[in-house]
Amino acid sequence: MDAGQWLEKARAYLERRHVPEPRANAEWLLASALQAGRSELALRERQPLSERQQRNFWGSVEQRARRIPLAYVLGNQPFMGLEIKVSPAALIPRPETEGLVCEALELLKPRAEEPLTLLELGTGTGCIAIALARALPQATIYATDVSQAALRLAEQNALAHHVARRIRFVQEDLFGASGPRGWADLAISNPPYIPTAELARLEPELLCEPRLALDGGKDGLAAIRAIVAAAPGVLKPGGWLALEIGSEQGQSALGLLADAGFEERRVRKDLQGLDRVALARR
Ligand SMILES: C[S@@+](CC[C@H](N)C(=O)[O-])C[C@H]1O[C@@H](n2cnc3c(N)ncnc32)[C@H](O)[C@@H]1O
């Protein structure tokens, strides 16, 4: 069979297994097996696959048919133009989180020439800290997670993107932002924010991601509440807090920020018009 026939066979198989967007998934997997770009596939339609390529391709199709997320099967995910290595140790970086990083960069724009010290809580793959470090060459970043496996992955990503010397990865509880006070120009986090009861209703792919990265407690706000309470302690006066939030958590986040004494509080929406980022100034 040539590449085009393998592609059709995979598409039909993924469709039978109820994988969303079966054609696109089959294309990504075939491109990966051929070590080609997805856009090159049309040109390589008549190419026969070597035995090794057939094995790799069909192995990856089988994984996807078991609803393992495409990014875990491929082993990487693009984020802010960077190729981020992923594994089931950490959440797969999302496009919404690119919005969070863009908002943070906008806040820091007036200070582009100054040395900056940033804190990321719950770093996962390290995608946020790494994107910030790449965009802000003068910044030093402390990135925390409770998961040792996630921190190891984040360190590999930081090395691959040549920013490991400016990011210090620390195993620490999100809520324990203790230690020295008043040192961060910006604290940023994409915390777990899905209400526990909603987890059972998620697509099978999401359940492959670490529960620790998703579960926001009974009302989804447990981690957000803890970060908002702890952030004034670590932020410099005038320092910013930037949080990714759930699509209906804007009002609650604004209330928590007001109670904690933050100023210039606002919520930004994502491209679908849903609450996505909360920003406030100490
Ligand atoms: C939603 S994921 C975000 C990962 C990554 N920053 C991103 O945006 O793709 C939340 C992260 O917070 C971490 N986490 C959960 N509870 C934590 C806690 N109590 N202390 C520190 N990190 C925690 C998880 O391990 C996970 O990596």
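Just follow the structure's listing: the first ligand is 1, and inside any ligand the first atom is 1. The analysis underlying the following values was restricted to heavy atoms, covering all of them including side chains, and did not include hydrogens, waters or symmetry mates.
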Please indicate whether any nitrogen or oxygen in D173 is less than 3.5 Å from any nitrogen or oxygen in ligand 1. yes
So between V146, N190, I188, D145, whose heavy atom ends up nearest atom 24 (C) of ligand 1? D145
May I ask whether E172 has any heavy atom positioned less than 4.0 angstrom from an atom of ligand 1? yes
Ligand 1 to T125 polar contact by distance, N or O atoms, under 3.5 Å: no
Identity of the nearest option to atom 5 (C) of ligand 1, non-hydrogen atoms only, from D215, I84, T123: T123
Geometric N/O contact G122 with ligand 1, under 3.5 angstrom: yes
Heavy-atom contact check, 4.0 Å cutoff: does E244 meet ligand 1? no
Donor-acceptor check, side chain of E15 to backbone of A12, threshold 3.5 angstrom: yes or no? no
Check: Q251 and D275 side chains under 4.5 Å, non-hydrogen atoms: no
Ionic contact status for R225 with D219, cut-off 4.0 Å: yes
Show the nearest heavy-atom pair for residues K85 and L153, with the distance to one decimal. O-CD1, 3.8 Å
Residue-level breakdown please: for I128 versus ligand 1, do any non-hydrogen atoms fall below 4.0 Å on the side chain, on the backbone, on both, or on neither? side chain
Please determine whether any non-hydrogen atom of P210 lies less than 4.0 Å from an atom of ligand 1. no
D270 side chain vs G99 backbone, donor-acceptor pair below 3.5 Å: no
Determine whether L243 and I224 make a side-chain contact, defined as any pair of heavy atoms from C-beta on separated by less than 4.5 Å. yes
C127 contact mode with ligand 1 (heavy-atom cut-off under 4.0 Å): side chain
Using a 4.0 Å heavy-atom threshold (strictly under), name the region of L214 that reaches ligand 1: side chain, backbone, both or neither. neither
Counting only heavy atoms, which portion of A150 has something under 4.0 Å from ligand 1: side chain, backbone, both, or neither? neither
Just jot down the ligand 1 atoms closer than 4.0 angstrom to any heavy atom of E120, in number order. 6 (N)
Is any NZ, NE, NH1 or NH2 atom of the basic residue among E27 and R11 found under 4.0 Å from an Asp or Glu carboxylate oxygen of the other? no
Decide yes or no for V228 and F262: does some side-chain heavy atom of the first lie under 4.5 Å from some side-chain heavy atom of the second? yes
Regarding atom 15 (C) of ligand 1: of the candidates I227, L100, L212, which has the closest heavy atom? L212
For T144, state whether at least one heavy atom is located under 4.0 Å from any atom of ligand 1. no
Centroid separation under 6.0 Å, is that true for the rings of Y13 and W6? no
Tell me the contacting part of T97 for ligand 1: side chain, backbone, both, or neither, using a 4.0 Å heavy-atom threshold, strictly below. side chain
Check this for me, if you would: do E106 and K109 make a salt bridge, where the nitrogen-to-carboxylate-oxygen distance has to be below 4.0 angstrom? yes
